[in-house]
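Structure record follows, encoded as structure tokens.
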There are 2 protein chains.
Amino acid sequence: MNNKFIRIYEDIAADIRTGEIEAGTLLPSELDLSEQYQTSRETIRKALKMLYEEGYIQKIQGKGSIVLDIRKIDFPISGLVSFKELAQKMGHRAKTYVNVFEDREVDQNLFKQIGFALNENVWEIVRVRNVDGEHVILDKDYISQKLVPGLSKEICNNSIYEYIEGELGLAISFAKKEILVEEPTEEDRKWLDLDGFHNVVVVRSQVYLEDASPFQYTESRHRPDKFKFVDFARRR
Amino acid sequence: MNNKFIRIYEDIAADIRTGEIEAGTLLPSELDLSEQYQTSRETIRKALKMLYEEGYIQKIQGKGSIVLDIRKIDFPISGLVSFKELAQKMGHRAKTYVNVFEDREVDQNLFKQIGFALNENVWEIVRVRNVDGEHVILDKDYISQKLVPGLSKEICNNSIYEYIEGELGLAISFAKKEILVEEPTEEDRKWLDLDGFHNVVVVRSQVYLEDASPFQYTESRHRPDKFKFVDFARRR
DNA sequence: AAGTGGTCTAGACCACGCT
DNA sequence: GCGTGGTCTAGACCACTTC
């Protein structure tokens, strides 16, 4: 509620979503908007930059800001969005089973694989995600104990992100992610319903807090028919 | 060469890439940089915003701008980067074969699948990408003839993007992308070396020009062992 | 309290599209 | 030529981290 440019962004974004401002039309000019919102043009430009980055508008020099078709807001599966949020949004019956929850020291092997320091203590968590009655995702997490103390099996059963952001008040900020297709491992075959499937889609992410400290390494292993990744990219 | 803030961005980005500015250290303060570059603080902030968006730095209020470890940031395969650029960057021996190049009218069937208007004329292009001696990617393109006139088989053999941006002077702006894993079709089996593979990774993209007109629909079908997608995402 | 980044302003000039 | 967005400035005040 504090920032003027965010209020303006939200105001215009809402109008676009509801269709009050139609796709294909031009927004009022920056000068008009600055008068309309009783603010400076730079502040309007900040709000428009946000609308641009979120895919609401396209700006054309000399012409104006075109309102784009509201894109289907489909979320990337796994990564910066928690599984719980995602399942709810998609309207699926989802369950989580915690198979492994252990206090573990980072050894040579783990060190090479993930981004943590040697001998640091991490939580090792293996969870199976059941969607509409089938075990389709295997999540393997390594979470820094220093940054996220007091984790428990019960919390993992619910949402780890809710605990971290809600209880601990930490802000998750960015992630590096890699998507590959691999042969199922023994572990995959053990936990997932892979009847007839010859591959799993593996999403490896390193997740960072706002102060750039790496707090989580995740390997999310999906049955291929249940995997979908949606992206909106601007050319750089 | 024109914009001050872009020059500053490139200058600092280069220093980070070469390691001259080390990951984990802080950049000079915005005030210092504005003196160093003989410019205003807002201009420095624009350059830093770019560095932030590209994953070079993390900004922390009251503290400074932390330099991130950029090494793992790679290029997304297919999409807004052309295959030619990509193959060169990765250092692969890559070849392209144009199997189909046709003038086609958008019928009911095509209309449902892609984003173009009924009865519009499009180029239908099917190309096989050979990387290091194997046929591993099948690209199916539909390109608007109205927006991209004068396309030819020869151009497709080289780089379509170079033609569009170079010859025609059009600016490619953004894309909606979807990644799924599917069963190979007859067409996949015909053109790709799929011996022993049971799936293909399908990347569907709708690509838009700067004025928000959709000019290309692409289906890029990858042999799973040759697929890799790397992403850097910030939480919204 | 000092130093950092975050927001906001009012104004200037430039580059581009349109007619 | 006029209206549009793009860049840049110099300065103000606020919010946060650190000492």
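Lettering of chains follows the sequences in order, A, B, ..., and the numbering in each one begins at 1. These numbers come from a predicted model, not from an experiment.
Side-chain contact check for A:Val202 versus A:Glu219: some heavy-atom pair is nearer than 4.5 Å. Contact check for B:Trp123 versus B:Gln145: side-chain heavy atoms found under the 4.5 Å cut-off.
Shortest non-hydrogen contact noted between B:Ile155 and B:Gly150 is CD1-O, 3.8 Å.
Note: CD1 (A:Ile66) to C1' (C:dC18) measures 14 Å, nearest angstrom. The nearest whole Å value for the distance from the CD atom in B:Glu35 to the C1' atom in D:dG11 is 14 Å. Residue A:Gln58 contributes atom CD, which lies 13 Å from atom C1' of D:dG5 at whole-angstrom precision.
Open room surrounds CG on A:Asn109; 12 or fewer heavy atoms of other groups in view lie less than 6.0 Å from it.
Every residue two or more places apart in sequence or in another chain that forms a side chain to side chain donor-acceptor pair (under 3.5 Å) with A:Tyr142 is listed here: A:Glu124.
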> In the 5'-to-3' direction, what one-character label does each nucleotide of nucleotides 1-9 of chain C receive under the scheme B = base within less than 4.0 Å of a protein heavy atom, S = sugar-phosphate only, - = no such atom?
Replying inline: --BBBBBBB
